[in-house]
Structure formats: structure tokens, C-alpha cells
Amino acid sequence: MNYLVEDLLKIHTPHHSQIQWLIMRYFSRLGYEARTEKEVWRNRKGRIDVFAQKGSYSVGVEVDDCSIRMNSIEKLNALKPSLAVFVLKGYKYNWKKTYARFKYLKVKSLVIHLQSAQHKWIYPKEKEFRKINESADVKKRDISKCSSTGSKNLNGAKIRPASGSSKPISRF
């Protein structure tokens, strides 16, 4: 997968459609069946920017501006690919906002910022497993019952509704 990071960092265009096309062409050369704008249903219709599949291994790619959008996270969580890739194309990059949204990721993910050539791997299932093991007196057989521990909101912020609405939730 390090080749994936190196090859994606070679993209030097800020244009969304060109980035999609270059990523699709990259996966096609590797023998994947790749396409752009794959439809996914998550309480409403959405589209994944690039989807590539080879056998049972699949990759979903979303191209965003300066941070990962909640809409992108919801679409890739609904698709459940083997690897979710978030390509950030903007010149400015909001690490703080992106890190705050990592807790919503449910699939193995890679975040790449093209302009600064930075990348970060996120393994949410391992993080959840670690949280469960660190809690006091949790038995191994109870781990399967606690699988939703990673989705709890630990910072006190409200979770977006399951309807897929992009409107913020009122606190009153």
C-alpha cells in the first residue's frame, strides 16, 4: 500500500474531475475494475468519487477540499470498502477538523493531502478493540457485546441524525 500513497502524491492538479480520472486510471492499470461516481444508498442516494474492485478487495475514494466532510464519511461507511481513501486537494488543510472526524470512520482509511504530501492511516477497528481492552474488568467474551463502544460520542458533541440530513442539530 505504500506504492498507493507514493503514486497518489504524484497528482499535482487541483481539479476534481482530473483527480478522479487519474485515480481511476491508476487502479485500472493495477488490474482493478474501476469507475467514477458509483452510487451508494445511505438513507438517500449518494455517489462515491472513485470505486475500484479486484476480487473481494475494494477501494472507495472520496476527493474533498480542505478536510474530510461528514457526507464523505457517511457514504464510505455505507459502502464498506476494504480501504477508504480520502484525497484532500485544497492548499490549506484543517488537521484539527479532520482529526475530530476520525471517530466516525468505521473502515480502514487513508487520508492524503496532495499539497503538503502528508498522509495518515486510520485503523478504527483496532482503536475500538484497544479502548475495550483498556477498560476495567472486561472479559474476552464480552468484547463482542461492546462492539458499539467506538461509535459513542465521547466529547459531548451531538451525532448527526441517521436520515442523512446535512442540517445541524439544534441543542435546545
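Nothing fancy with the numbering, it's 1 onward along the sequence.
- Here L22 contributes atom CG and L8 contributes atom CG; the two are 9.5 Å apart, rounded to the nearest 0.5 Å.
- Scanning for side-chain contact (heavy atoms from CB on, under 4.5 Å) contacts around N94 gives S67, K96, K97, with sequence neighbours left out.
- A donor-acceptor pair under 3.5 Å is absent between the side-chain atoms of D7 and the main chain of Y26, judged by distance alone.
- To the nearest 0.5 angstrom, F86 atom CZ is 6.5 Å from S72 atom OG.
- Note on V63 and Y91: separate hydrophobic clusters, where clusters join Ile, Leu, Val, Met, Phe, Trp and Tyr whose side-chain heavy atoms are under 4.5 Å apart, directly or indirectly.
- Distance check, rounded to the nearest 0.5 Å: CG of L30 to CZ of R25 gives 12.0 Å.
- A 4.5 Å side-chain heavy-atom check between I23 and T36 finds every atom pair outside the cut-off.
- In this structure, CE on M70 lies 5.0 Å from CD1 on I73, to the nearest 0.5 angstrom.
- Cation-pi geometry between K54 and Y32 is met: the NZ or CZ atom falls under 6.0 Å from the ring centre, inside 45° of the normal.
- The closest side-chain heavy-atom distance from V59 to V61 is below 4.5 Å.
- Using modelled atom types, one finds no donor on one side chain facing an acceptor on the other under 3.5 Å when comparing S58 with Q53.
- Using modelled atom types, no side-chain atom of H16 and backbone atom of D65 make a donor-acceptor pair closer than 3.5 Å.
- When only modelled atom types and interatomic distance are considered, T13 and Q18 share a side-chain donor-acceptor pair under 3.5 Å.
- Put simply, the side chain of E62 gets close to the backbone of D49: a donor and an acceptor are under 3.5 Å apart.
- Considering all non-hydrogen atoms of both residues, C66 and Y93 come closest at O-CD1, 3.2 Å.
- For the residue pair P81 and L76, the shortest heavy atom distance occurs at CD-O, 3.2 Å.
- A 4.5 Å side-chain heavy-atom check between N71 and K75 finds at least one atom pair inside the cut-off.
- Contacts of Y99 classified as ring-ring contact (aromatic ring centres under 6.0 Å, His included), with partners at least two apart in sequence or in another chain: W95, F102.
- In this structure, the side chains of R69 and E74 stay at 4.5 Å or more apart for every pair of heavy atoms.
- By the neighbour-count criterion of 12 heavy atoms within 6.0 Å, atom CD of E33 is sparsely surrounded, having that number or fewer from other residues, nucleotides or ligands.
- Between K89 and I19, the closest side-chain pair of non-hydrogen atoms falls below 4.5 Å.
- Remark: R47 engages E39 in a salt bridge (charged side-chain N to carboxylate O under 4.0 Å, His left out) (not counting sequence neighbours).
- Between M24 and F51, the closest side-chain pair of non-hydrogen atoms is not below 4.5 Å.
- Closest heavy-atom contact between L83 and L110: CD1-N, 4.3 Å.
- No donor-acceptor distance shorter than 3.5 angstrom exists from the side chain of D64 to the backbone of L88, with no hydrogens or angles considered.
- A donor-acceptor pair is defined here as one N or O able to donate and one able to accept, closer than 3.5 Å; such a pair exists between the side chain of R101 and the backbone of I68.
- You'll find the side chain of H119 stays beyond 4.5 Å of the side chain of H113, heavy atoms only.
- Looking at heavy atoms from C-beta onward, L79 lies in side-chain contact with K38 at the 4.5 angstrom threshold.
- Separating the OG atom in S28 from the CZ atom in R35 is a distance of 12.0 Å, to the nearest 0.5 Å.
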